[in-house]
Amino acid sequence: MRFVIIGAGRVGLRTARVLREEDHNVTIIERDEAMIRRARTQEFTVVEGDGSREDVLDEAGIAQADVLGALTGDLNVNFTACMIAKYHGCRTVMRIDEAYREGIYRKYADAVDEVIYPERLGAIGAKNALLGGTIRAIADIAPHLQIVELTITEAAPVNGYTISELELPADATVLAFGKHEQPLGIPSEDESLAVGDRLIVLADFAVLSEVRQLLVGEDPKQATANADADSGIDADTGGIH
């Protein structure tokens, strides 16, 4: 896949490295000279300029890109870039930071394909390490939504189904799919689900239990308890950790 990443700071450059390690094509847009030098030292293709300008995005190949990651610390740059990329048919991922509260999530989540919050991702990574298992949280993009990665098990009722046959709850959507030990990508309707395959799902906390039952094969009680743990809800008190 072809990715355009805006921002060669800590978040953008690390993301670019991960994508390149999975053999994706990555172009970075950056306007800070020191960051440009650092990215080029690591042998990335870098376009110098403001990522919210259409001519700069054109130079970076936005018309041929599959995904734009607007990962700078400037919300206005990120949002403008995503709107331009949407016009060119790209999937859009927009970064927001600590200063922007839940209202910003709700405001922008409908305009772009995915909103990420790096500070929150760090906490989620720690939670994943503590919980283990065959499901891990990737991002909370709103108070009631979470993006999770699930691994198909032998006990999963959908084991052997195709993507087109998969019927998730109304408040859950498949964002990406990857065969066992293969890179994630846009799911094809004809892809079949087998043990070890991974699905990236955007789900409302209210349906996480049902999603776990379908894709991981947990019984209802276990799925509810684990879904509560994923969303930070205390099963006994209903409170938030």
Side-chain angles (χ1 to χ4, degrees), residues 1-102 104-105 107-109 111-126 128-129 136-141 147 149 175-176 183-186 200:
M1 295 176 67
R2 296 181 62 88
F3 292 82
V4 173
I5 301 295
I6 302 176
R10 175 178 55 85
V11 175
L13 200 55
R14 286 183 179 177
T15 302
R17 285 198 296 263
V18 170
L19 291 169
R20 186 171 63 182
E21 286 170 2
E22 295 187 355
D23 295 323
H24 296 294
N25 183 294
V26 182
T27 299
I28 297 174
I29 296 175
E30 178 56 65
R31 57 186 175 186
D32 180 86
E33 290 185 6
M35 291 183 179
I36 290 170
R37 287 195 300 271
R38 183 175 63 174
R40 286 177 174 163
T41 297
Q42 297 182 32
E43 300 184 347
F44 281 104
T45 299
V46 183
V47 172
E48 185 174 355
D50 182 346
S52 64
R53 292 176 56 92
E54 188 163 14
D55 59 333
V56 175
L57 287 164
D58 285 340
E59 185 179 349
I62 195 66
Q64 293 78 42
D66 299 296
V67 185
L68 172 102
L71 305 181
T72 78
D74 187 324
L75 176 63
N76 292 325
V77 168
N78 292 347
F79 184 68
T80 301
C82 285
M83 295 303 95
I84 295 171
K86 273 290 185 186
Y87 174 79
H88 288 279
C90 283
R91 173 174 167 74
T92 55
V93 177
M94 186 181 78
R95 170 187 173 181
I96 67 174
D97 285 323
E98 181 73 35
Y100 305 109
R101 302 302 179 183
E102 301 297 346
I104 297 296
Y105 285 111
K107 178 178 179 180
Y108 290 109
V112 300
D113 292 302
E114 186 173 336
V115 177
I116 64 167
Y117 180 4
E119 288 79 4
R120 184 174 290 185
L121 289 176
I124 289 173
N128 290 333
R136 64 187 182 93
I138 296 175
D140 300 307
I141 68 167
I147 297 174
E149 178 180 311
L175 300 179
L184 292 165
I186 305 301
I200 305 298

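Keep in mind that what you see is a predicted model, and the values were worked out from it rather than measured. The figures that follow rest on heavy atoms only: side chains count, while hydrogens, waters and symmetry mates do not.
Atoms OG1 and CZ, from Thr15 and Arg20 in turn, are 13.0 Å apart once rounded to the nearest 0.5 Å. Atom CD1 in Ile5 sits 12.0 Å away from atom CZ in Arg95 (nearest 0.5 Å). Expressed to the nearest 0.5 Å, how far CZ of Phe3 lies from OG1 of Thr27 amounts to 11.5 Å. Taking NZ from Lys86 and CD1 from Ile62, the interatomic distance works out to 11.5 Å, rounded to the nearest 0.5 Å. To the nearest 0.5 Å, atom CD of residue Glu48 and atom CD1 of residue Ile28 are 13.5 Å apart.
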Evaluate the side chain to side chain contact (heavy atoms under 4.5 Å, CB included) criterion for residues Ile29 and Glu59: first the C-alpha distance (whole Å), next the side-chain angles of each, then the deciding distance (0.1 Å), finally the verdict. CA-CA 10 Å; Ile29 296 175; Glu59 185 179 349; over 6 Å; no
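Closest approach of Ile6 to Gly51, counting heavy atoms only: CD1-O, 3.5 Å. Leu71 and Gly12 make their closest contact through CD1-CA, 3.9 Å (heavy atoms, listed as atom of the first residue, atom of the second, distance). Between Gly9 and Glu30, the closest heavy-atom pair is N-OE1, 4.2 Å. Contact record, Cys90 with Ala65: SG-O, 3.3 Å, taken as the closest heavy-atom pair. Pairing each heavy atom of Asp113 with each of Thr92, the nearest pair is OD2-N, 2.8 Å. Considering all non-hydrogen atoms of both residues, Arg10 and Arg38 come closest at N-NH2, 4.3 Å.
The side-chain heavy atoms of Thr72 and Arg31, taken from C-beta on, include no pair separated by under 4.5 Å. When side chains are defined from C-beta on, Leu19 does not count as touching Met1, because their heavy atoms never get closer than 4.5 Å. For the pair Met94 and Leu75, the minimum side-chain heavy-atom distance is below 4.5 Å.
Side-chain contact annotation: Asp50 with Ser52, donor-acceptor N/O pair under 3.5 Å present.
Residue Leu68 forms a side-chain contact (heavy atoms from CB on, under 4.5 Å) with just one option from Val112, Asn78, Leu57, and that option is Leu57.
Within 6.0 Å of the CZ atom in Arg53, the count of heavy atoms belonging to other residues, nucleotides or ligands does not exceed 12.
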